[in-house]
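Each remark here refers to the structure printed beneath this line.
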Protein chains: 2
Amino acid sequence: MSDSTPATIEDVARIAEVSIATVSRAIHTPEKVAKSTRLKVNQAIAITGYTTNAMARSLRLGRSNMILVVAPDIGDPNFSSILVGLENEARSHGYGVLIGHTQNDAQRALEYLKFLNSNQAAGLILFTGILPFGHETMTARLPPSVGIFEPVFNGGIPYVGVDDMEGARKVVDLLIAEGHRKIAFIGDSRTRLAYMRRRAGYDAGLDAAGVPAELRLVQEGDGTLESGRAAVERLFVRDTLPTAFMCVNDQTALGVMIGLKTRGYDIPRDFSVTGFDDVPQATFMTPALTTIRQPRTLIGKHAMTLLLELLSDRRPAETEILLRPDLVVRNSVSAPSPRWMR
Amino acid sequence: MSDSTPATIEDVARIAEVSIATVSRAIHTPEKVAKSTRLKVNQAIAITGYTTNAMARSLRLGRSNMILVVAPDIGDPNFSSILVGLENEARSHGYGVLIGHTQNDAQRALEYLKFLNSNQAAGLILFTGILPFGHETMTARLPPSVGIFEPVFNGGIPYVGVDDMEGARKVVDLLIAEGHRKIAFIGDSRTRLAYMRRRAGYDAGLDAAGVPAELRLVQEGDGTLESGRAAVERLFVRDTLPTAFMCVNDQTALGVMIGLKTRGYDIPRDFSVTGFDDVPQATFMTPALTTIRQPRTLIGKHAMTLLLELLSDRRPAETEILLRPDLVVRNSVSAPSPRWMR
DNA sequence: AGTGGTGATGTAAAGGTTTACATAGGCGGT
DNA sequence: ACCGCCTATGTAAACCTTTACATCACCACT
C-alpha cells in the first residue's frame, strides 16, 4: 500500500487481472473497453493510487505536457497577473507552466532554445517580441507559439494583445468630454507598436472632435518616469502648455505628475494627467491615476487557449486577438482650469 | 541537417562511428573516454545539433529536472521577485521551474500532489505553510522540499525566511532614536509567525530603551489596509494616542496613513508611520513609506540552493535559514510632534 | 611467455508508457 | 454449418537514455 516506489501501470494491470494495454485504454479511451473491465481497472487504480508517469508518457508520445513561458523580466509586476491567467488555463487542460526570463540576454535565450529542443516543452508563450534567437532559422524549429502584447517575428506567430487604439480613444474622449482641447501626448519610442497604436487613437479622437493639428503636442521619450518629467520641462520651456497630458503609460504619467507638482501645480485642478496600463501603483499615486486597464489575467487566459488550440491543431490560427481595454476613472482628470483659458 | 525530427543519440553515434554508450559517456563523464573519441563525438554533436532528450533522460534516471514552486497566489506582487531568485539559481544548475498556485483551494493542491506523484518534479518549493494536503501521510510522499518565509508541517521541512525580529528591532531603534517613546504596534493575526516575531522585536526594542509597558499600545487586525484604518479609529476613540505607528506590514501602514490623513493629520509632522516588507507601492505612497526591505530575490536564491543541496543530499539540511532584512528610510518618520508632548 | 591489471569501448537491459497488429470469441446472415 | 464482421483484449515494439557488465587490446611485471 504505502510502497516506496510509485505504482506503475503494471501494478494496476496485475490487480485488475488485465493486460497493461487494457489499463492504458481504460484511462485514455474508455469507450473502447468493456464496462465491467473498466470498473475493475478503476478499482485497481484507486487501490494502488496510480498516476501515469508523465516522463514515460511524454517520451512515448513525443511531446510533453509543459508550456514554456518566456518573458524578458518575470520580476515585472505586470507579469504575475498574466501568469495567473496562463497557469489556470493550462492547468485545467492538463498542462504545466514552466517559466523563464531572458533579461534581454542572448545567452539565456539560447539556453531556453536548447530547452525547447530537448522536448521539454510542447509550446511556447513569448512576451513582447523578444527572443534574440537567430530569426527565421530558428522559427522553423520553434514549437507552436503565441506572443503576448506584440506580434513576434513580424507576424509569423499569432499573439494576444489589447486594442491600444480603442483604449487611447477612450482616454481622449474622456478628456474632450471634460472640455479639454489642447491635449499633449507623451509617448515612448516611436518604434514600439504600442506607441503607434495609442498615438493613432489619440489622433483619431482629436480628429473626431475637430481639434486642429496645431493644438496637438507630441513628445517622445523612453517610457520611464524620468522621461515623463523631462517632457514636462520641454513643454514649459516652449511655453505652449496643454491643459491635459495624455501619457503612453503609467510610468510616464507618474513622471509628468511629479514634474508638474515640483513646479507647484495641483493635479487635476491645474492640469489633467492620464496614464495607460493601470499598474498596481496607479491607485497609490496622489492623485490616483485615471488610466486604461489592461485585462491582464484575461490576456493570459486567451493566449493559453490559443496555444492549446494550436497544439491540437483544431483550427487555423488567428494571427491576432485584441481584447477590449477598460477606462479606469480615478482622480487625475477634471475640467481644464479657467486659468489657462484665453 | 534541417531534419524534421530532432537528432537522437543514435544519429550522433553513427556519425562519430562509435556506440551510443560512448556518446553518452562523452557527454556525462568525459574523463572516461579517450581524447580522440571525445573529439569525434563533439564534432558529431555539433553537426547534428543534438540535445539530449530530457524526457528519456528523466525516465531512465527516475527523476526529472524540474522544481515545482507552489504559492497560494502567484498574482501577489511580492511573488515575482522571489521567483526571479528561484529561477536564476535553478537554471544555472540545469533545473527548470514549474509554477503553480493553490489559491488556498484544496482541490487544486491535490492536483499538484498528483503532479508530484507522476514524477514530473524532483523537488518542491512551498510558500507560507500552505498545502491543505493530508498532513503526515503526505509528508512521506513529498519529494525534497523547502519552505519560503515560514516552516511547513511544523518544521518537518526546512525553510528560508527573514529575521523578522531583527527587522522589527531596526524599526523600533529608528523611532526611539528620533525621540519617540509612545509607539503603537499595529499587527495582523496573533497566530502568524511573522506577527509574533515582529512583535517580539518591538518589545525587545522598547525594553532596551526602557519604555514601560503602559506606553505600549498593541492593536490586532488581519493585515489588510482596512484593518490598519480601523486600528487608527480604535486608538482615537480610546484617546490614548501614540506618536508613532509601527505596522506589521505595508498594507496596514497604508491603511493607518489613510486613517490619519482623513482625520486631517500630516505625516510625518503629526505622526510617524512605518511598515514592513517594502512592497513595490511603498515608494509611491505619500509620504513614501519607511519600511523594512525583504531581500526577496535573495530569499529565492537561498531557497533554491538549499533545495538543490537536498536533492543531491550533499548535506544534512539546515532547518532554518534567516536572512538579514534592511531598513529603508523614506519620508514617513520624523521626530514626534511637540503638539503631543506633555 | 604467461598473468593480471588497466583503460576504452561495445552490448543489452531497463525505465513506463502508448498503440499497431494479432488473436479470439460471439453473433447475425445466408 | 459456415463465413465474415465486430468488439474486447493481449502481445510486443518503440520512444531515447543511462549504465552494469562483458569484451578486448595493451602494457607491465614476473
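Cation-pi geometry between A:R91 and B:Y112 is not met: the NZ or CZ atom fails to fall both under 6.0 Å from the ring centre and inside 45° of the normal.
Per the geometry, CD belonging to A:E17 stands 10 Å off P belonging to D:dG10, to the nearest Å.
In this structure, the nucleotide among C:dT19, D:dC16, C:dT9 sitting nearest to the side chain of B:T8 is D:dC16. Closest contact between the side chain of A:V18 and the listed nucleotides D:dG10, D:dC16, D:dT19 involves D:dG10.
Position along DNA chain C of the nearest nucleotide to A:M55 versus B:A21 favours B:A21 as the more 5'-ward residue.
Here A:S58 does not reach the OP1 or OP2 of C:dT17: none of its side-chain N or O atoms lies under 4.0 Å away. In this model, the phosphate group of C:dG10 is approached by a side-chain N or O of B:T22 to a distance below 4.0 Å at OP1 or OP2. Dashed line: the shortest gap from a side-chain N or O of B:T52 to OP1 or OP2 of D:dC16 is not under 4.0 Å.
Judged by distance alone, with hydrogens and angles left aside, A:R25 brings a side-chain donor or acceptor within reach of the base of D:dG10, the pair sitting under 3.5 Å. B:R57 contributes no side-chain N or O that forms a donor-acceptor pair with the base of C:dG15 under 3.5 Å.
A donor-acceptor contact shorter than 3.5 Å links the side chain of A:S145 to the backbone of A:P143.
When every heavy atom of A:H93 is checked against every heavy atom of A:E89, the shortest pair comes out as ND1-O, 3.0 Å.
One distance of note links CD1 of A:I27 with OG1 of A:T52; it measures 4.5 Å at 0.5 Å rounding.
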